[in-house]
Amino acid sequence: MSHWYQLEADVVTRQINSHLEDGLTTAAAHQRLLRDGPNELIATKGKSPWQVLWEQISEPLVVMLIVAAIISVIVGDLRDAIAILAIVIFNAVLGFRQERKAERAMAALKKLAVPKVRVRRDGQVQECSMEALVRGDLVLLEAGNVVPADGRLVKTVNLQVQEAALTGESAPVDKQATTVFTEEQSLGDRCNMVYHSTTITRGRGTFIVTETGMGTEIGHIARMLQSVETEPTPLQKRLAQLGKVLGAGAIAISLVIATMGLVQGEPLRQMLLTAVSVAVAAVPEGLPAVVTIALALGAERMLKRHALIRHLPAVETLGSVTTICSDKTGTLTENRMTVTVLDIAGQQIDLSNNGSIGNQALRLLLLSGAFCNDASLDNNHAIGDPTETALVTAAAQVGLPKRKLDQLWPRINEIPFDSDRKRMTTCHRCDQPLPDALQQIWQQVVPLNTQAVIFSKGALHSLMTTTDRVWLNNQVQVLTDALRQRIYSAHDRLANQGLRVLGLAFRPMTTVPETDQLEQQLVFLGLMGLMDPARSEVKDAIDLCQTAGIQVVMITGDHPLTAQHIAQTLGITRGISDTILTGQALSKMPVENLDINVTETGVYARVTPEDKLRIVQALQRRGHIVAMTGDGVNDAPALKQADIGVAMGITGTDVAKEAADIVLQDDNFASIVAAVREGRVIYDNIRKFIKYTLAGNVGQLWLLLLAPFLGMPIPLLPIQILWINLIADGLLALALSFEPAERQVMERPPYRPNESIFSRGMGTDILWIGLLLGGVLILVANGYWRNDDPTWQTMVFTTLAFSRIALSEAVRSSSESLFKIGLLSNQKLLGAVLLTFCLQLMVVYVPVCQVFFSTVALSGGQVAIALLLGTISFWAVELKKVVIK
Ligand code: ATP
């Protein structure tokens, strides 16, 4: 059997039972979907449960606990051994579930990011999800798309595809629908086919789907691009490191205590038990799971703010962002463009004032804008790039509907728009006469034997390189310096009003031109000014960034004057120099100068995607954490380089989205700022429960360390410590991750990237709170033990539990008193506080628990004392806040 690339496109179409123009019917597509299943790559099996379990129990800290359990068995304390093992298993199961849950959450987020595909079904272009594609579908491709299935091309215009995902070849290859091969070809040479997961770097094309899902080439080689990896975030790595240090410290301390005890003649069993307790007390069992949960919760909360997280570490990095580099169009502005001004030599019409289009030259300008255009207009609903839809709409309003024009003069060639060239050109075959309204002018413009017409539009400076004549007084004239000057002045006047300005040119041809002739000797027609209002919420978001110590930088492909107007409206350059760097100046600037300028520049204009990359790199060299937005194919390198790559969900290309860490579902700058704020809250909360957990552990360690010096037996049994760690590090710390934002969260500078987690006083807080807690516990222990009170251990145990419960409320804010933020503002924590309190009473009073936890019932007075003493560290933390204020 022949391969698809050895057949003509129409033969392929027939064999697959589809239609070359209309595509499949919706009903047929539906049937095929049921028959063949969805077009998805099924992720290779992740780790087996045993593997995950093994990873959990081979963690150094867990190994330490297992050793502790073994020692307990040796000294004949089976109950502790069982309890320790129970905790180990419980944590392993929790960690396992957590890992799975985080994976599933990220997979769900990734699913949301699955690209939409444009297909032709029932003869109409429709959007459908990539998964709903079936064999026989006609799929439309354009620059920036990721190819959603394998297929035979049926139409191509300058199509180039990057196939590195499949062939490893990183240079884009040209594709040609008309080629048919007779010989066998290797994958990389089949230029009439496109393959799943490759990306379109230039041009346009249509292909008929021949294979979907696991039947595709990429499916065969099972290179699972979709497989979800949950890489540890920098914070998680640092915590793992910290865990190891704590573990090593605990072992050292245990050895010291045990040796000292033995030297003093204490029994071996007693000393081994103490060593086990110390080890158990030092290990923050719940911490890694809580951090993962906090990050995953954060990703969910960010989604509510329209920021879809693609990589978990982004949640954490967002909180440290120091600079946000944003595109202008669509992110800072609404991307609702309208043509408001038309300018041809000597005449300007303000369309927003209902200026009438009596002049034929103005009609010609609008006509060119409609021809040189990829947007479409159906029933007043425009589809396509907003710059282009504005042009199509303006033309339709004066009786020049694009659809009709395209039928009269079909497009036969084009050089597509790209942000580097900043212009596009199309060529049309003059099949039929134009409508009456234009006949008159057309007879003047076009010599009778015109075969084709070229139209071009773009940024003025770019367009001017292709023009040498101008349309003036209804005829073609030489473009003199004086005329050129006049055009540039008119341009600047429009740009100064904040309008995006496009130049338009055309050229009638007596022969059909080759592609390399399309942008030569064009006739300049005039200018169009497009209005794109700033988004109303952006100004406040920029103000917020400024109080939060985050610099906002606008990077735009537009003209400096247009950029300046918008920047001033939004207050971007407040507090820094208002000089604007252009892409041109940037590319000539030596690196050292760039590094100096980069922190002082708020606006970059006329930039190309490569410039964006240079700006990110320069900012990073100056120690900034950069979030950078992008939408085009060429933005991918800058998005990858940025600490947070932000892709536009609505207007962004699939390639940009794949390169990004977050995808903005509403393309709105304000959503980036909301995500940054959310990131800060999450980081704050993670710091809070690290502080909470470690301060508690330090307190427990002090108690265990000092007790032998006072001649006491171990004041807390391993099982009791495990219990405390379970309720405190598990329940209470987890509830802390639901803590709402502190009031001043956006009023302080961002955390420095390499700032230690213990910075800003947290390390000292952990030490003194721990010391105080340890001190209180020692007093309780010593007091009751000296009096030979049989409740002494239960008193220590209960005071510790109450202390940790009270402390969880105190650490909620580092500066605001609990009485100000209110108990009810974190109801989950309040619930956890009440629950843990009841659980502790249960452990003390329920007979079965008494046996298991070695507790005895306390009197009402004793509970009151434990409660009172338990709040000491709470009051101390609250007092510190008052003193600092
Ligand atoms: P920003 O960078 O502010 O988000 P942008 O990404 O839309 O803007 P580009 O798309 O690179 O910027 O456009 C740069 C310039 O190219 C515009 O100022 C305009 O002059 C020109 N231009 C934009 N769109 C088109 C188009 N569809 N056809 C021709 N020229 C265009």
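The structure displayed is predicted, hence computed values, not measured ones. Along the sequence shown, residues are numbered consecutively beginning with 1.
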Trainee: Answer with yes or no whether the side chains of R411 and T426 bring together a donor and an acceptor at under 3.5 Å.
Mentor: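 Result is no, nothing qualifies.
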
Trainee: Of the non-hydrogen atoms in L405 and A370, which two are nearest, and what is the gap between them?
Mentor: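 That closest heavy-atom pairing would be CD1-CB, 3.9 Å.
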
Trainee: Is there a donor in the side chain of T331 and an acceptor in the side chain of D667, or the other way round, less than 3.5 Å apart?
Mentor: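 Their side chains do not contain a donor-acceptor pair, so the 3.5 Å distance test is not met.
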
Trainee: Under 30°, 30 to 60°, or over 60°: which ring-plane class applies to H461 and H491, parallel, tilted or perpendicular?
Mentor: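 If you compare the ring of H461 with that of H491, the planes turn out perpendicular.
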
Trainee: Go through the steps to decide whether V147 and F207 satisfy the test side chain to side chain contact (heavy atoms under 4.5 Å, CB included), and finish with yes or no.
Mentor: CA-CA 10 Å; V147 179; F207 76 98; 4.1 Å; yes

Trainee: Here's a test for you: under side chain to side chain contact (heavy atoms under 4.5 Å, CB included), which of I580, T556, V598 qualifies with Y604?
Mentor: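 Single pass found, and it is V598.
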
Trainee: Ignoring hydrogens, what is the shortest heavy-atom contact between S129 and V117? Give both atom names and the distance.
Mentor: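 Looks like C-CG2, 4.4 Å.
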
Trainee: Looking only at atom types and distance, does a side-chain atom of D406 sit under 3.5 Å from a main-chain N or O of R403, one as donor and one as acceptor?
Mentor: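 Side chain of D406 to backbone of R403, a donor-acceptor pair under 3.5 Å: no, none is there.
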
Trainee: Taking only Lys NZ, Arg NE, NH1 and NH2, and the carboxylate oxygens of Asp or Glu, determine whether K612 and D327 approach each other closer than 4.0 Å.
Mentor: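 Looking at D327 together with K612, the answer is yes, because their closest N to O distance falls below 4.0 Å.
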
Trainee: Between V538 and L570, is any pair of side-chain heavy atoms under 4.5 Å apart?
Mentor: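 V538 vs L570: side chains touch.
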
Trainee: Side-chain contact test, heavy atoms from C-beta onward, threshold under 4.5 Å: evaluate it for M424 versus E388 and give yes or no.
Mentor: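 With C-beta onward as the side chain, the pair touches.
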
Trainee: Test side-chain hydrogen bond (donor to acceptor under 3.5 Å, both in side chains) on N668 and S671 and set out the steps.
Mentor: CA-CA 5 Å; N668 192 342; S671 304; 4.8 Å; no

Trainee: How long is the gap from CD on Q564 to CE on M554, to the nearest 0.5 Å?
Mentor: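 Between atom CD of Q564 and atom CE of M554 there are 9.5 Å.
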
Trainee: Strictly by modelled atom types, are S489 and D492 linked by a side-chain donor-acceptor pair under 3.5 Å?
Mentor: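 Not at all, the side chains of S489 and D492 share no donor-acceptor pair under 3.5 Å.
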
Trainee: Look at R507 together with E519 and state whether they make a salt bridge at an N to O cut-off of under 4.0 Å.
Mentor: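 E519 and R507: not salt-bridged.
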
Trainee: Do V125 and L140 have side-chain heavy atoms sitting under 4.5 Å apart?
Mentor: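 Heavy-atom side-chain distance check passes, below 4.5 Å.
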
Trainee: Has the side chain of D654 got a donor or acceptor atom that lies under 3.5 Å from a matching backbone atom of V146?
Mentor: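 Such a contact is found between D654 side chain and V146 backbone.
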
Trainee: Output yes when a side-chain donor or acceptor of S462 lies under 3.5 Å from a complementary backbone atom of R421, and no otherwise.
Mentor: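 Yes; at least one donor-acceptor contact below 3.5 Å.
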
Trainee: Give a yes-or-no answer on whether the side chains of N192 and T179 include a donor-acceptor pair shorter than 3.5 Å.
Mentor: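 No, because no side-chain N or O of N192 sits under 3.5 Å from a partner of the opposite role on T179.
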
Trainee: Can you tell if the side chain of I412 reaches within under 4.5 Å of the side chain of V512, non-hydrogen atoms only?
Mentor: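 A side-chain contact under 4.5 Å exists here.
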
Trainee: Any Lys/Arg nitrogen of E658 or K640 sitting under 4.0 Å from an Asp/Glu carboxylate oxygen of the other?
Mentor: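 Judged by the 4.0 Å cut-off on N to carboxylate O distance, E658 and K640 do not form a salt bridge.
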
Trainee: What verdict does the side chain to side chain contact (heavy atoms under 4.5 Å, CB included) test give for L639 and V616, after you've listed the backbone C-alpha separation in whole Å, the side-chain angles of each residue and the deciding distance to 0.1 Å?
Mentor: CA-CA 9 Å; L639 291 179; V616 181; over 6 Å; no

Trainee: So how far is it from L472 CG to R486 CZ, rounded to the nearest 0.5 Å?
Mentor: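 With rounding to 0.5 Å, CG (L472) is 6.0 Å from CZ (R486).
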
Trainee: Without swapping roles, check the side chain of K422 against the backbone of S419 for a donor-acceptor pair under 3.5 Å.
Mentor: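 Yes, K422 side chain to S419 backbone: donor-acceptor pair under 3.5 Å.
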
Trainee: Step through it carefully: locate the ring centre of W471, locate the ring centre of F524, and say whether they are under 6.0 Å apart.
Mentor: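 They do not qualify: ring centres at least 6.0 Å apart.
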
Trainee: Check whether D532 reaches the backbone of N335 with its side chain - one donor and one acceptor, N or O, closer than 3.5 Å.
Mentor: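 Yes, D532 side chain to N335 backbone: donor-acceptor pair under 3.5 Å.
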
Trainee: D468 and Q520: side chain to side chain contact (heavy atoms under 4.5 Å, CB included), yes or no, with the steps?
Mentor: CA-CA 8 Å; D468 61 358; Q520 287 173 8; over 6 Å; no

Trainee: Only one of K457, R202, R204 passes salt bridge (charged side-chain N to carboxylate O under 4.0 Å, His left out) with E414; say which it is.
Mentor: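 Between E414 and the candidates, salt bridge (charged side-chain N to carboxylate O under 4.0 Å, His left out) is satisfied uniquely by R204.
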
Trainee: Answer yes or no: is there a donor N or O on one side and an acceptor on the other, between the side chain of D122 and the main chain of Q124, under 3.5 Å?
Mentor: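 Flag not set: sc D122 to bb Q124 has no pair under 3.5 Å.
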
Trainee: Charged N to carboxylate O under 4.0 angstrom, E163 versus K175?
Mentor: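 Yes.
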
Trainee: Does atom CZ of R484 have more than 12 heavy-atom neighbours from other groups under 6.0 Å away?
Mentor: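 Enclosed.
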
Trainee: Nearest 0.5 Å, what's the CG-CE distance between L522 and M464?
Mentor: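 Nearest 0.5 Å value for the CG-CE distance: 11.0 Å.
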
Trainee: Is the backbone of L594 close enough, under 3.5 Å, to the side chain of N597 for a donor and an acceptor to pair up by distance?
Mentor: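 No: the side chain of N597 does not pair with the backbone of L594.
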
Trainee: How would you list, by chain and number, every residue that makes a side chain to side chain donor-acceptor pair (under 3.5 Å) with T653, sequence neighbours excluded?
Mentor: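 T653 satisfies side chain to side chain donor-acceptor pair (under 3.5 Å) with no residue once adjacent residues are dropped.
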
Trainee: So does Q584 have more than 12 non-hydrogen atoms from other groups sitting under 6.0 Å from CD?
Mentor: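 Atom CD in Q584 is not packed in, count stays at 12 or less.
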
Trainee: Using the six-membered ring wherever Trp is involved, compare the ring planes of F455 and F506 and label them parallel, tilted or perpendicular (cut-offs 30° and 60°).
Mentor: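 Ring orientation, 0 to 90° scale: parallel.
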
Trainee: Looking at Q432, I'd like to know if its CD atom is crowded, meaning that more than 12 non-hydrogen atoms belonging to other residues, nucleotides or ligands lie closer than 6.0 Å.
Mentor: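 Yes.
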
Trainee: Starting at CD of E537, measure out to CG of L332 and round the result to the nearest 0.5 Å.
Mentor: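 E537 CD to L332 CG: 10.5 Å, rounded to 0.5 Å.
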
Trainee: Which residue in the set R121, R118, R120 passes salt bridge (charged side-chain N to carboxylate O under 4.0 Å, His left out) when paired with D137?
Mentor: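 Among the candidates, only R121 passes.
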
Trainee: Tell me every residue that passes side chain to side chain donor-acceptor pair (under 3.5 Å) with D22, counting only those two or more places apart in sequence or in another chain.
Mentor: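 Partners of D22 by the side chain to side chain donor-acceptor pair (under 3.5 Å) criterion come out as none, since no residue qualifies.
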
Trainee: Is the side chain of S368 donor-acceptor paired with the backbone N or O of L504 at a distance under 3.5 Å, no angle test?
Mentor: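 Such a contact is absent between S368 side chain and L504 backbone.
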
Trainee: Using only heavy-atom distances, determine whether the side chains of R500 and T387 contain a donor-acceptor pair under 3.5 Å.
Mentor: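 Indeed, the side chains of R500 and T387 share at least one donor-acceptor pair under 3.5 Å.
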
Trainee: If we ignore hydrogens and angles and just use 3.5 Å, is the side chain of H565 paired with the main-chain N or O of N496 as donor and acceptor?
Mentor: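 Side chain of H565 to backbone of N496, a donor-acceptor pair under 3.5 Å: yes, one is there.
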
Trainee: Between M337 and T329, is the side chain to side chain contact (heavy atoms under 4.5 Å, CB included) condition met? List the steps.
Mentor: CA-CA 10 Å; M337 304 235 185; T329 312; 3.4 Å; yes

Trainee: For a 4.5 angstrom cut-off between non-hydrogen side-chain atoms, does I566 reach I572?
Mentor: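 With C-beta onward as the side chain, the pair stays apart.
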
Trainee: Calculate, to the nearest 0.5 Å, the distance between atoms CG and CG belonging to L342 and D350 respectively.
Mentor: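 Rounded to the nearest 0.5 Å, the CG-CG separation comes out at 9.5 Å.
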
Trainee: Is the backbone of M509 close enough, under 3.5 Å, to the side chain of T450 for a donor and an acceptor to pair up by distance?
Mentor: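 No; judged by distance alone, with no hydrogens or angles, the pair does not exist.
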
Trainee: Are any non-hydrogen side-chain atoms of M528 and L530 less than 4.5 angstrom apart?
Mentor: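 Of all side-chain heavy-atom pairs linking L530 with M528, at least one is under 4.5 Å.
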
Trainee: Decide yes or no for P637 and P609: does some side-chain heavy atom of the first lie under 4.5 Å from some side-chain heavy atom of the second?
Mentor: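 The answer is no, as the side chains (C-beta and beyond) never meet within the 4.5 Å cut-off.
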
Trainee: Is there side-chain contact between V339 and M531, with at least one heavy-atom pair below 4.5 Å?
Mentor: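 With C-beta onward as the side chain, the pair stays apart.
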
Trainee: To the nearest 0.5 Å, tell me how far R429 CZ sits from L408 CG.
Mentor: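 Reported to 0.5 Å precision, the distance equals 12.5 Å.
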
Trainee: Looking only at non-hydrogen atoms, find the nearest pair between V603 and A563 and report the distance.
Mentor: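 Closest approach of V603 to A563: CG1-CB, 3.8 Å.
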
